[in-house]
Every structure is written in C-alpha cells, then in structure tokens.
Amino acid sequence: MKYVNKILKTSSTRLGFLTLLAVLFWIKTMFAYVVDFRLGVSNPFQFFILLINPIATTVLLFSLPIYFKKSRYFYPMAFIMDIANTVLLYLNVIYFREFTDFMTVATMTGYSKVNQGLSGSSLALTDIHDILYWLDILVVLGLMLAKKIKIDNRPLNKRIGFAATSLSVLFFTFNLALGEMDRPQLLTRTFDRTYIVKYLGLDAFTVYDGMKTQQNHELRSTATKSELKAVEKFTQKHYAKPNDKYYGVAKGKNVIVLHLESFQQFLIGQKINGKEVTPFLNKIYNSKSTYAYSNFFHQVGQGKTSDAENMLETSTYGLPQGSLFAQLGSDNTFQAAPAILNQRAGYTSAVVHGNVASFWNRNNVYKNMGYQYFFDASYFNTTGDRAGGYGLKDKLLFHDSIPYLEHLQQPFYVKYITVTNHFPYDTDSEDSDFKTTDTGDKAVDNYFKTAHYLDQSIKEFYDYLKKTGLLDNSVIVLYGDHYGISNSENKSLAKALGKNPDDWDDFDNAQLQRVPYMVNIPGRSDGKIFKTYGGEIDALPTLMHLLGISSKRYIQFGTDLLSKQHDQLVAFRNQDWVSPKYTSLNKTVYDNQTGQEIINPTDEQKKLFAQNDKKVQTELSLSDSLNEKNLLRFYTPKGFKPINPQNYNYADELAKEKQVEKKKGSQSTSLYSRNGNKSTASQYFTDAPEVDHKKTDTSRIKITNPDDVNSASLR
Ligand code: GP9
Ligand code: MN
C-alpha cells in the first residue's frame, strides 16, 4: 500500500507521470514480445537487447509532451503518445497472429484496400488477454479522474525535455551498435522484419520501413531502360527449353484455373477419423490424366493470395514487403497470362471470385493484366448465409457462375478464386458434417471441415463440366495458394497428423509449405505424380508449354517443371530455400532426409550452399528491381501489344458476352451457342442448402462494383 501511495505521489508530478506511462508501455511491449510475437531469441545477449530495445523510442515519444507548458496541452499530448503507440503495438499483435510477421507501412497504407475482408477475421484473431494492452491507459485515466493522480501545473524546464530527447537518441545509437554487433549490416541488408523488431523495437522498425517505402517511390521515377539488361540476362540464362514429350499436349483447350484457398499439400490423402478429407481432389491427384506434383511449394510473402496470383499470372515474385497487387498493381506494366494467351492463341479471359472487386486491388490489377471479364461479388447474390467473411461460399460460386461461364467464347482462360477455406475456417452447420479432429485449436479443427467443403464444391463443378462436355475440351489447373495453418499453430496440427509436437521445429514448418499443383488434362493417360521440386513461380511457363506456346521471349523467373533443364532450387520470399536434398532456413541448412541441421558441412557442401544462396538472392532482387522500378514498361516482347487498362471495364459483363455472341453469330464458340442457344445451368447439381434459402437483406460482405457508375451498392 505504501508502495502504491508512493507511485501515486510521484505520478502527480509531470516527470513522474511520464515515467509511469513509459514504464507501463515498456511492460506491455515486453508482454507482447513474450506472449504474442515469436522473435526467436537465441542467446542471453539477444535477450538483453530485447529488454532494452523499446527504451529509446519510448523515451523519445514521452519526451515530446515536456515541451508543452500548459497542462491542457501537456496531459492530452502524453495520452496521445501513449494511445498512438499502443495502437501500433496492438495492430501488430493482431497482424502477427495471422501472418507471423510485422505490419509494414505499405501494408498499413494498402490496408484500406483489403480491410473489408480483414474485418471479419480480425475479430476472430482477438484474444481475451488483449485487454491488457489497453487496461493501463484506462486505469491511469481513472486514477486521474478520481484525483488519485493529480494534475501538476508546474511546467517542466525545456532543458529537461532536451536532455530526455538527446538521451533517447544517444541510447538508440547504443542500441543499434549492440544490434550490429550481433547481426552485422542489420539495416543495410534486407533482413527479415522480425530481426529489426528483435534488435531495434517496433517503433524503430516502423520508421525505418516508412523511409524505405519512400525510397521505393523515388526508385521508380528515376529508373532507366539500361537497368532491364541485368534482368534480361538472368532470365535468358536460366530459360529451360520445353520437353518435346509434353509440349503442346493441351493445345487449344480451355484453361480452367482453380485457386484452392489456403490449401496445403498435407490435406491430399489425409484421413481424419478414418475418412478422407478431400476424396475428390485425391482422385484427381492420383489420376492418369493428371500431372501432379508432390514437392511443389508456395512462395508467397505478405501479399498471400495476391502474391500467389501474381506468380501464376506473371512468373515474377511478389514483393519483399506488402502486396505487389496493392502497392504497385494499379500502375505496373504486366506481361501476364491473360494477355499472352489472348494475343498468341485467341483466348478469352475471365476471373470468377465471390468477394468484392477491390479486395487486393484486383479491379485495377486485372485490367493491367489484360483480363477481359471479372465476375466479382457484385455479380452474385451474396445475401444472408450465402456468403462467409470473404465472399460467396464455394459451392454457390461454382453453381452461380454457370450463366456467365457458358457465354464465354472458347477457348477461354478462366480463374476461379475460392474463399470458403480461409481463416478462420468458419462454416455454417448446414454446410459441413465432416467429423473433424479435436486438437483444441479451433483453426486446425475447422480447417479440415472447410477443406472438405471445398473438395465437394470442386466435385460438383467437375460433374457439370463432364455433363456438358466442357471437361474434354479443357485443362484444369488446381493449386493451393499458401499455407492455411500458420507456423504458430503447427504444433496443434502435428497432433492431428499423428506427429509429436514436442520435436516439431523450423524444418518441419518449412516442409509444410508444400501446396498442391495439378494439371488435369482429361483424355491423357500419361499422368503421374512428379517428385520434381518447384514452386508457384514455375506454373506459368509450365502451362504455356503444355498449351504449345513458347515462353522464351518473355521475362519470367520460373521454368517449365516438365523441362529437363528445370532448376529444382525453390526460393522462399525471405531468401530461404528448398532443394531436393537440402533446406536452408535463416542460413541454417538441414538435410532433407534426416531433418537434421548440417553442423559441419564439407567444403563441397559449403560451396553448394553459397551458390544456392547467391542464386536465390539474385533472383529475388532482380524480380524486385523489375517490379519496383516497373522495368517492363521498357520491354516489349516480340509481337506483344502492351495493355491499356482504359480499354477494360468490368460492369455489365453478361451483356458484353451476349453482344460478342451476337456479333459472331454462327461463329460463336460459347457453350451456350454450341448448345443451340440454350442454357446449361439446369445441368448443374449442387447440394448447397442455401440455394433454397430465402433472400435476406443482410449480407456478410458489402458489395460494390467499382466500375459500375450507376450503382454505389448493388444487390
Ligand atoms: C479474398 C481472398 C483472400 O478476396 O482472395 O486473400 P488472402 O487473405 O488469402 O490473401
Ligand atoms: Mn489466400
């Protein structure tokens, strides 16, 4: 009690008050470091740095109110500093739970573009202990109102402010020096964001990151054509020529890309309580008409779905921070799949996605990529329980898309982006009766249920494709975009997979980054499961060669998985890598066979690892330079007509399709025309219960079509 009184008394002076806020903030930061962030502290020295790293910036922030003489400015200023800093901390806590990463300034500024989708799951990401991040502010405020902490009207000497500010700068230098001692070139090389937070704290990271973002802007405006040379040289040198055995085997067929949301490879063949989670996808995986891959990795960064899309459409990497779609996609020059397939082989292109068009900035990016049609949420009835937090449920998406699909001219290149198997993996009870695991981790348990639902939706769609004959004219590409279970949940997952969570480590986490990649070409009988190592970056050249379109003249970082020259070194976005024999994580190399760290590498191994490091770093940085400086604007491949986004508009798509049909008359190749101008929609069977539900006025997502000038909110 005596102690408390003493604190209250000291806090009733201005300096004491600021000290109180600062100490409380330091405690909260430590709490976040220990409970919510996993910073990978590996020695006592690092632990010491961790303890001191919030001090410099906290002192700096709380030294600012000292410069205000009047109490009515001093106190509010102190609270503003405290609240702003807490908001930053807390946003990062939430963000970390989903992405195992910190929020960049770019993510924050791109935030508004994706926040409609995030709002639903952000709520699911909160935790009861989060109250602790706010409690101190409330208590201090309460104590002030109760006059337990008194207002001190005596202004502090400016010199004290100056001393505190200078001290914080000095302390920051000291902190940075310690960090550099443990991690040389901490700021000059592009490290993992976790490192910067670990050594310099969250505030310093955010400022540093903001400065880099600004730099990027400058990069772009001063870039010149000559910078493209290095990129061109690299991609030409690594080009892998097609394998005659497979070149053109799917020539002229429709391409249907099924983007399996958050779908990891371990689901394939997985049984829970004796039942297959994804029986239909398992069949496709093992089918004689499928080229399937068992060592295919996702390579996304913070842009997740959008990074996966970017790689599949352009064979260039996403950005080291944030989402390329959100940050650069509005004005980047792309030489992407829809444009290439259209210009080289007359494909009509479309995306079908049950979320709002603005999510991940898609409405802008797709135009720059040359997508001709975009059926976003505004084309569907998403009311009531027909949608989840990220849009129309998958079964309904496929079912309700038929009236649009059947009017597309063939051959078409159509991408379906599913959403139901997305964190937090909620299903309405009617949608899945799959008996799942009981790990106690809700995300893991529900993941199997939504994956099962996704599997059923794909089966229903396939049944329709078969009935209408589309299947025989099509190649279906199925791929998982990225992990669904984050590293922080993998221990619970280990339990479900019958593995021992106690010896689960980084190596195991990395192996779980496998996602399915299957190219199903009905009619082929030479399908098999390839063990070739590869990743999302390789998808486009692989597909192009199957369609008989050479990829040679384009700037692409991936190589055809079927080519004998395909390089099996897979780069992760953070410069880690996987190869058939080794996995390198944070410069620690593991033997894939034993899963053990290689402690004493032979000279030959050392050389190989260094070579791999170098290739991965060069590849990623050249891709970044290409995209950040928008260098493709200086490069036009032979015969490529640059895309003018102004020629694209995603309003009134059905009318547009019908117009084309009419213009083409008997030459129209749409399924509808080929079916004697009759719809095939009635041939679609779905067991989705929502089909019979009444329409309601409420919706889990808010729908607008940005291209439709006449309606701000369609429905
Ligand atoms: C929503 C979706 C989700 O439109 O594609 O993106 P993600 O959160 O997985 O990056
Ligand atoms: Mn995704």
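Whatever order the structure lists them in is the order used to number ligands and atoms, beginning at 1.
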**Study point:** ligand 1 contacted by His259 (non-hydrogen, < 4.0 Å)
**Key:**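 False for this residue.
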
Point to revise | Whether Trp360 lies under 4.0 Å from ligand 1, heavy atom | key: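 Heavy atoms of Trp360 do come under 4.0 Å of ligand 1.
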
Check your understanding: Does Ser262 put an N, O or S atom under 2.8 Å from the Mn ion (ligand 2)?
Key ->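 No - counting backbone and side chain alike, Ser262 has no N, O or S atom under 2.8 Å.
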
Check your understanding: Checking only N/O/S atoms, does His422 have one that is under 2.8 Å from the Mn ion (ligand 2)?
Key -> no

Point to revise | Member of Arg220, Arg573, Lys629 meeting the salt bridge (Lys or Arg N to Asp or Glu O under 4.0 Å) criterion with Asp624 | key: Arg573

Review point. What part of Thr305, side chain, backbone, both or neither, has a heavy atom within less than 4.0 angstrom of ligand 1?
Key: both

Review point. Under 3.5 Å, N or O to N or O, is Lys304 touching ligand 1 that way?
Key: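 Such a contact does not occur with ligand 1.
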
Practice item. To the nearest 10 degrees, could you say what angle the Mn ion (ligand 2) makes with OD2 of Asp481 and OE2 of Glu261? Key: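 Computed angle, vertex at the Mn ion (ligand 2), rounded to 10 degrees: 110°.
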
**Study point:** Note: Lys395-Glu690 ion pair, threshold 4.0 Å (strictly below)
**Key:**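 So Lys395 does not pair with Glu690 through a salt bridge.
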
Check your understanding: For residues Asp385 and His693, is any side-chain donor paired with an opposing acceptor at under 3.5 Å?
Key ->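 Indeed, the side chains of Asp385 and His693 share at least one donor-acceptor pair under 3.5 Å.
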
Practice item. Classify the side-chain pair Tyr479/His259 by whether it contains a donor and acceptor separated by less than 3.5 Å. Key: yes

Exercise for review: Check step by step if side chain to side chain contact (heavy atoms under 4.5 Å, CB included) holds for Phe461 and Leu258.
Suggested key: CA-CA 11 Å; Phe461 184 53; Leu258 302 180; 4.1 Å; yes

